[in-house]
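The structure appears below as structure tokens.
As the structure lists them, so they are numbered: ligands from 1, and atoms in each ligand from 1.
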Amino acid sequence: MRILVVEDEFKINQFISQTLKEMGHATDMALTGLQARELFEVQEYDLVILDVMLPDDDGLKLSRHFKQIKSTTPIMMLTTLSQVEDKVKGLDSGADDYMTKPFSVDEMSARVRALLRRHSSKELLLRCHDLELDVVRRHAIRGGEIIKLTTKEYALLEYFLRNVGRPLSRSQITQHVWDLHFDPESNVVDVYVKLLRKKIDSDFPKKLIKTVVGVGYVLSDE
Ligand code: CA
């Protein structure tokens, strides 16, 4: 999943982004409201983590703005104010959840997982042919065997399975699975597709990940 982190305090932003990366997500950092608006215009996000107090913008206003552009993207507000009144204001602005600073890594990861689960397709098991991906336990299953995946392999397979039959270009894949400032010349997508094929395809006669010449890759059972 791709997540936008809007927080002007660099250290906090970095802490959040790093935690999300360790969970296998791609993240973009915005240190101002303006940066956040610009990124939100050009990128598709699966979640926005949004600080209420920004130097150049009001987080509540920004939250309403994002919801107007794309109402389905969940928003989690961050604040140092723990008053009930502010929580109500945050939720009125369209925010889906609220977290009070300071918070622990565990609390944040649990809330992010819950929000993404609530907002992504309700299915907890993504499927193509005899391949399944358990999005709660974060492993694949093929031919009844559990296949363990690294965080990046998991993120890549999840993206493929949410786009079954749709050819995905290398740049689409890097945008969703890696970070914005990723070197487009890098062959990391090919490297990871190879690793994934070894795990989910090589022992089976029917191959699900196919190369689309001149484009990238597609996962399908055709
Ligand atoms: Ca702030």
Assess Lys152 against Trp178: is NZ or CZ under 6.0 Å from the centre of the six-membered ring, and within 45 degrees of the ring's axis?
yes
So if I apply the side chain to side chain contact (heavy atoms under 4.5 Å, CB included) rule between Tyr154 and each of Arg138, Met23, His139, which one comes out positive?
Arg138
Any ring-ring contact (aromatic ring centres under 6.0 Å, His included) pairs touching residues 57-79, not counting sequence neighbours?
Phe40-Phe66
Is there side-chain contact between Phe160 and Leu208, with at least one heavy-atom pair below 4.5 Å?
no
Could I get the full list of side-chain hydrogen bond (donor to acceptor under 3.5 Å, both in side chains) partners for Gln35, not counting sequence neighbours?
none
Around the Ca ion (ligand 1), list the protein N/O/S atoms within a radius below 3.0 Å, excluding water molecules.
Asp8 OD1, Asp51 OD2, Met53 O
Quick one: list whatever passes side-chain hydrogen bond (donor to acceptor under 3.5 Å, both in side chains) with Ser171, sequence neighbours left out.
Ser169
